[in-house]
Amino acid sequence: MSNNLRDASLYERIYAVAGQIPPGKVSTYGQIAAIVGGGCTAREVGYAMAALKEDDTTTPWQRVINAKGEISPRGGAGAMMQRVLLEREGVSFDEQGRVDFDQVGWDGPLWAWLDRHNFKPAPSLRHKGPDEGEQLSLF
DNA sequence: GTGATGACGATAT
DNA sequence: TATATCGCCATCA
């Protein structure tokens, strides 16, 4: 794909944002959609993840979960593998199989990264991070 | 071109 | 808090 994502397909942009989630952190379908913008909804993000090959290692699909903090029920083995991958990164689940967003929730990419890749999220999401410069405020 | 589908989300009950 | 319903919009048949 091109370095400049302005002309990239919707899926490519979704994968690019998802790829910014650091190990040990998780994001939600709605968050990714809000960052990508431009007619992207949570459903599209989920659809994009479903389109990935299961053995894909270039996109951290396992770090994208639903807004309830649960791994999306996609039928059996895949969901369990996703949980194992996250636990390997240090993400803990409670008795109900949920994660704590206060603990492992992703704060979003740096604004400089968004600008460099021509993403245009709502300006209201913009704020000053503690030591990491400007970033999004998604929580 | 048209309708069905879906790794979702917000709201109502 | 746990279901039920409806809205959402890019793909696909």
Provide, to the nearest angstrom, the distance between the CG atom belonging to A/Asn66 and the C1' atom belonging to B/dA7.
9 Å

Can you give me the N/O atom pairs linking the protein to nucleotides 1-8 of chain C at distances under 3.5 Å, or say none if there are none?
none

Scan side-chain atoms only and decide if A/Tyr29 and A/Thr41 contain a donor-acceptor pair under the 3.5 Å cut-off.
no

Centroid-centroid under 6.0 Å between A/Phe101 and A/Trp106 rings:
no

A/Arg88: salt bridge (charged side-chain N to carboxylate O under 4.0 Å, His left out) partners, not counting sequence neighbours
none

Please report the shortest heavy-atom distance between A/Ala51 and A/Tyr15, naming the atom on each side.
CB-OH, 3.9 Å

What is the separation between atom CD on A/Gln31 and atom P on B/dA10, rounded to the nearest whole Å?
11 Å

Nearest-nucleotide 5' precedence on DNA chain C, A/Cys40 against A/Tyr47:
A/Cys40

Residue set satisfying side-chain contact (heavy atoms from CB on, under 4.5 Å) with A/Glu95, at least two apart, ordered chain then number -> none

Separation of atom CZ in A/Arg13 from atom P in C/dT11, rounded to whole Å
11 Å

Within the structure shown, what part of the strands sits under 4.0 Å from A/Ala50 by heavy-atom distance: base, sugar-phosphate, or nothing?
base

May I ask you to decide if A/Pro23's main-chain N or O and A/Glu89's side chain share a donor-acceptor pair within less than 3.5 Å?
no

d(CD1, A/Ile14; C1', B/dG6) in whole Å
13 Å

